[in-house]
Amino acid sequence: MSTPHIAAKKPCLVTLKRKGKAYFWCQCGLSKSQPFCDGSHNGTGFEPLIYKAQKDGEEVLFCACKQTKNPPFCDGSHNALDDSYEEASPEDIAASASLPIIPPDEKGKAVLDGGCYVVTPTKTTAHHVGGWQIRPVIAGRDGARFLSQFLLQPGPDAQALTVEGSEMVLFLNQGSAHITIGGKIFKAGPQTGFYVRPGEGFHARSLSDTPIELSCVICPTGPEPTPLDTMPDIFDDRIPQRMMAMDPAKRQTMADRFYQVLVGEDMGSKQVTQFIGEIPRSRAAAHRHLYEEAITILSGEGFMWTENARAAVKPGDVIFLPKKQLHSLECTSESGMRLMGAFYPAGSPAINY
Ligand code: FES
């Protein structure tokens with residue numbers, strides 16, 4: 001036996017009991033006790049991999065397809081095993097056909113199951129601080145436990161902004177701009193991501209008549225960015241690269257869809273991963289993530305589904321997705337859907353269960 005058997009095309013969520021306890025992860029794929037070894041590897045040339053729990057009650061997604069490059073953990077490789085991403089079955093589609101479409105309330109928010117919601121940021125109440133227009137989109141009062149999101153528009157006299165003790169991940173939604181981080185200037189076009197380290201400040205200036213708009217995700221969740229009289233003279237030179245635009249060479253393919261990480265561990269982000277993804281006209285099979293996520297729809301329309309309801313989504317809308325919430329994002333546009341996601345804890349957007 002030279003290649004492992006594909007035991008399943010989804011990882012196994014397991015809770016490990018005690019810190020230091022050894023677990024034997026099946027590498028051959030033949031075990032009937034996935035993801036753990038039951039001795040079926042005898043004579044195959046495969047051996048189980050030993051993993052010791054890092055803490056009491058550690059929750060892990062162990063690979064069951066045995067194609068991961070980061071054993072014993074799922075790294076999302078299971079998504080590339082078929083030509084198309086796993087879609088909702090005809091039975092699931094028929095069973096959910098009568099589920100209600102939740103209309104947005106007067107603040108543009110449609111609340112689904114488990115605290116998941118879709119919000120149209122332009123319907124939320126804006127206020128002005130330090131020359132910026134700020135719209136809170138995701139905050140602790142909305143049920144977010146790990147991240148906050150704000151929509152920011154700088155005026156001509158906008159001051160530098162900072163957040164004490166948190167990482168910030170920015171995304172230039174529209175326009176071209178000079179984004180200044182701690183005295184370093186980055187010239188960027190639309191749909192570009194930026195990483196701001198704790199203690200650093202940032203500033204944005206439009207390079208054209210088009211107003212610019214930034215999505216700002218803060219992690220750990222906290223209050224909105226505060227204005228500063230002067231840009232702090234702080235820039236972590238160990239991480240000089242803070243900007244990432246879309247680059248076809250950096251795309252990761254998942255069957256008929258792809259994603260590109262803009263800000264992640266490679267850029268030094270300890271807590272948040274920011275990515276751009278594209279999905280074709282389709283409805284993914286319902287799944288969950290071990291992370292809390294904020295998703296901004298950049299193009300295309302469709303529906304966000306949870307167990308008992310759905311809400312329409314369109315460009316500009318933001319979806320708040322709590323950790324472990326069962327969901328499915330459906331794209332109904334012929335030309336597909338592009339989205340920007342940011343989630344905590346940092347990792348791969350391909351990992352689901
Ligand atoms: S289950 Fe194997 S990589 Fe996800």
Side-chain angles (χ1 to χ4, degrees), residues 1-16 22-41 44-54 57-89 92 250-261 264-266 273-280 282-293 295 321-329 339 341-353:
M1 187 174 171
S2 57
T3 55
H5 174 70
I6 296 172
K9 293 180 180 176
K10 279 277 173 77
C12 303
L13 174 65
V14 286
T15 304
L16 308 179
Y23 291 84
F24 293 76
W25 176 68
C26 165
Q27 292 211 75
C28 68
L30 297 175
S31 170
K32 302 281 182 297
S33 305
Q34 292 297 329
F36 302 115
C37 172
D38 70 353
S40 298
H41 62 273
T44 64
F46 283 92
E47 291 289 334
L49 185 86
I50 298 174
Y51 177 75
K52 289 189 177 166
Q54 301 297 299
E58 182 183 8
E59 272 188 331
V60 290
L61 286 170
F62 277 164
C63 170
C65 75
K66 314 303 172 186
Q67 312 298 307
T68 179
K69 295 177 185 57
N70 183 32
F73 305 107
C74 169
D75 69 352
S77 295
H78 63 268
N79 292 306
L81 292 173
D82 294 314
D83 291 340
S84 61
Y85 197 78
E86 186 186 4
E87 295 194 17
S89 67
D92 287 344
K250 292 190 164 67
R251 289 179 179 179
Q252 302 284 321
T253 304
M254 293 192 302
D256 51 359
R257 44 184 73 195
F258 77 82
Y259 70 88
Q260 180 196 333
V261 171
E265 287 160 309
D266 285 355
T273 294
Q274 180 199 61
F275 70 99
I276 275 196
E278 276 197 11
I279 58 179
S282 61
R283 177 171 157 193
H287 59 277
R288 306 172 198 265
H289 302 287
L290 277 185
Y291 49 71
E292 181 175 284
E293 186 174 19
I295 302 165
L321 179 63
K323 176 181 174 178
K324 293 186 176 178
Q325 172 59 46
L326 189 70
H327 69 282
S328 165
L329 183 56
L339 55 88
F343 60 85
Y344 167 91
S348 166
I351 299 174
N352 53 32
Y353 69 100

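What you are looking at is a predicted structure, and each value in this text was computed from that prediction instead of being measured. Counting starts at 1 for both ligands and their atoms, in listed order. We count residues from 1, following the sequence as given.
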Atom CD in Q34, atom CH2 in W25: separation rounded to 0.5 Å? 9.0 Å

In the protein, N/O/S atoms that are found under 2.8 Å from atom 4 (Fe) of ligand 1, waters not counted: C74 SG, H78 ND1

Can we call the ring centroids of F62 and Y23 under 6.0 Å apart? no

Mind checking side chain to side chain contact (heavy atoms under 4.5 Å, CB included) for S89 and listing every partner two or more places apart, or none if nothing turns up? E91, D92

According to the interplanar angle, ranging from 0 to 90°, do the rings of H289 and H327 count as parallel (below 30°), tilted (30 to 60°) or perpendicular (above 60°)? tilted

Please work out whether the ring planes of Y259 and F275 are parallel, tilted or perpendicular, with thresholds of 30° and 60°. perpendicular

Under a 4.0 Å threshold between the charged nitrogen and the carboxylate oxygen, would E86 count as salt-bridged to K10? yes

